[in-house]
A.B. asks: 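Dumping the structure here so I can ask a few things about it.
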There are 2 protein chains.
Amino acid sequence: MQHEVGGMDYSPDLDLFARTELFQGTPPEALRFLQASAGRRRLAAGDILFQQGDRTTSLFVVIAGRLRASQMAQDGQQIIIRYLGPGEVAGYAALVGSDTHPGTVTAVDDSHLIGWTSAIVRQIMERYPVVAINALTLLGQRYHEMQIRVRELSTERVERRIGHTLLRLAHQSGRRTARGIEIAFPLSRRDLAEMVGTTLHTVSRTLSAWEERGIVSCGRCRVVLCKPHALVAIADEEE
Amino acid sequence: MQHEVGGMDYSPDLDLFARTELFQGTPPEALRFLQASAGRRRLAAGDILFQQGDRTTSLFVVIAGRLRASQMAQDGQQIIIRYLGPGEVAGYAALVGSDTHPGTVTAVDDSHLIGWTSAIVRQIMERYPVVAINALTLLGQRYHEMQIRVRELSTERVERRIGHTLLRLAHQSGRRTARGIEIAFPLSRRDLAEMVGTTLHTVSRTLSAWEERGIVSCGRCRVVLCKPHALVAIADEEE
DNA sequence: CCAACTATTTGCGCTGGCTCAAATTGGAGG
DNA sequence: CCTCCAATTTGAGCCAGCGCAAATAGTTGG
């Protein structure tokens, strides 16, 4: 963790991290302490924040950009756990007291994060229980997301899962454009396949079919949802 | 929550819940307060502790018995999130501040739990941050379990998933017997199917094939792992 | 503008595992 | 011992989606 102490951008950062869900309700003196003890980290698209199995040293909050949390099996098969955007936490291991990172986090766009050592995080949580309670809430949401994903993987066909996944991504980081809602970061067919639990071939075929029907519009690492309602119909249709 | 205040079994209960991971490191006066404010709940096999969508009122710790946490989709398809045994927490919603339960918890054996209202839980966490931090650790473990399960569902074939699931269940609640390690609670083919993400037919066929080879031995709602090492080989074989 | 890559598309054949159906077994209660 | 019911087994057929392979289309660096 490098400390780029360039006095001029104090308050913007303070504003940004203090508004995240993790630090809601934290008293001002704690925020000042956090501000003073924070490290900064800038990543270019493709850079790795930390890798699966790395020793846990810090907790990060995303200030700007987009990152991907993934997990790899011993046979090299990879899955994407989720994408992270501004305000979200990367490096949960430091919150839950795990000594190694269970997954790898990679920037998919140029990103800016701030972070604190595990010791500081621990200290803050012991002194300001509200932070630990906020962390519980956040982790609870993620746990619930994973439950839903397990249910989808267990019970739904590929087409519906792709639909749900795209809708979720659009919700998290959709950008309105003339043609529809665009997923606002580079997302390849392979990436989508690793989120959905299928192959890039099947994703490609499905998107092609949808493009035919005008539901989506896609290019290299780009997906635009032109008719989100049609996608909802596909994702939630009875049968 | 009914309070069955029958003075005689004070200390046994105190011992039991105080030893759970959730309350590790909690000072004695907090334990006394928890003891005084706890409610008890006894369930017969098949009884429901709470249902998906119910308003969150309490947090429970399993003292004895075994319960199943499940989730149902709107189309009626059900999946089993996990089984809970002594020392484990049921009703995470009260820890993470969710106002409804995301799943249903049912006793699969006669069970005994103690519980506290959400308000008391909140109060304890605010006053004794160590409890919130312990809860984070617990939830982190469950989150990690779910990540692994998503990975298995995404990348592994049914036979291997059944293998992994049985090994995990044996680890959580296996009982040594003359014939091998027995899963110590009633587990039907359908239950296993709902944990693994397949149909009871496929589970039945797979178990039959394994029984043929002497790897397992099973009866109605019973599974005994006779050759766990062979199961490990199936679950972890390269390919 | 060319070369080298990477991402994507698409065809083809195969099969794991699902669906549907029916028979069988094992307990629980009377 | 008999009845009823839930759990289990097993057969047969089918198909969604995977694996393999080859062609195509953007992108990046030189």
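In the text below, chain A, chain B and the rest are named by the order of the sequence lines, each starting its count at 1.
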A.B. asks: Can you work out whether B:S188 or B:R205 has the more 5'-proximal nearest nucleotide on DNA chain D?
C.D. replies: B:S188
A.B. asks: Given atom CD1 of A:I234 and atom P of D:dA16, what is their separation to the nearest angstrom?
C.D. replies: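 Atom CD1 in A:I234 sits about 15 Å away from atom P in D:dA16.
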A.B. asks: May I ask you to evaluate whether B:T202 reaches the phosphate of C:dC18, defined as a side-chain N or O under 4.0 Å from OP1 or OP2?
C.D. replies: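 The answer is yes; a side-chain N or O of B:T202 sits under 4.0 Å from OP1 or OP2.
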A.B. asks: What about B:R220: does its side chain form a donor-acceptor pair under 3.5 Å with the base of D:dA6?
C.D. replies: yes
A.B. asks: Between B:L231 and B:I215, is any pair of side-chain heavy atoms under 4.5 Å apart?
C.D. replies: yes
A.B. asks: Mind calculating the distance between CG (A:L153) and P (C:dC18) to the nearest angstrom?
C.D. replies: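 Nearest whole value for this atom pair: 14 Å.
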A.B. asks: Fit a plane to each ring of B:H101 and B:F50, take the angle between them on a 0 to 90° scale, and name the class: parallel (under 30°), tilted (30 to 60°) or perpendicular (over 60°).
C.D. replies: parallel
A.B. asks: For the pair made of CZ in A:R161 and P in D:dG17, what is the distance, rounded to whole Å?
C.D. replies: 8 Å
A.B. asks: Grab the CG-P distance between A:D191 and C:dT6 for me, whole Å please.
C.D. replies: 15 Å
A.B. asks: Rounded to whole Å, please give me the gap between CD in A:E156 and P in D:dG17.
C.D. replies: 11 Å
A.B. asks: Just the rounded figure in Å: distance from P of D:dC18 to CD of A:E194.
C.D. replies: 13 Å
A.B. asks: Examine the side chains of A:S204 and A:R189 and answer whether a donor and an acceptor come within less than 3.5 Å of each other.
C.D. replies: no
A.B. asks: Roughly, in whole Å, what's the span from CG in B:L207 to P in D:dA7?
C.D. replies: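 Atom CG in B:L207 sits about 16 Å away from atom P in D:dA7.
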A.B. asks: When the distance from CZ of B:R157 to C1' of D:dA16 is rounded to whole Å, what number comes out?
C.D. replies: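 The distance from CZ of B:R157 to C1' of D:dA16 comes to 13 Å, rounded to the nearest Å.
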A.B. asks: Considering just the side-chain nitrogens and oxygens of B:S208, establish if one lies under 4.0 Å of OP1 or OP2 belonging to D:dT10.
C.D. replies: yes
A.B. asks: Hey, is the side chain of B:H201 pairing donor to acceptor with the base of D:dT10 inside 3.5 Å?
C.D. replies: yes
A.B. asks: Taking the side chain of A:V158 as its heavy atoms from C-beta onward, which of C:dC18, D:dC18, D:dA7 lies nearest to it?
C.D. replies: D:dC18
A.B. asks: OP1 or OP2 of C:dC18 versus the side-chain N and O atoms of B:T199: is any pair under 4.0 Å?
C.D. replies: yes
A.B. asks: Can you check whether A:R142 reaches B:Q147 side chain to side chain, under 4.5 Å on heavy atoms?
C.D. replies: no
A.B. asks: Between B:G219 and A:G197, just flag the one whose closest nucleotide in DNA chain D comes earlier from the 5' side.
C.D. replies: B:G219
A.B. asks: Kindly check if the number of other-residue, nucleotide or ligand heavy atoms within 6.0 Å of CZ (A:R190) is above 12?
C.D. replies: no
A.B. asks: Do the side-chain N or O atoms of A:R189 get closer than 4.0 angstrom to the phosphate oxygens (OP1, OP2) of C:dT8?
C.D. replies: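 Looking at the OP1 and OP2 atoms of C:dT8, one of them is under 4.0 Å from a side-chain N or O of A:R189.
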A.B. asks: Is there a donor on the side chain of B:R222 or the base of C:dG26 sitting less than 3.5 Å from an acceptor on the other?
C.D. replies: no
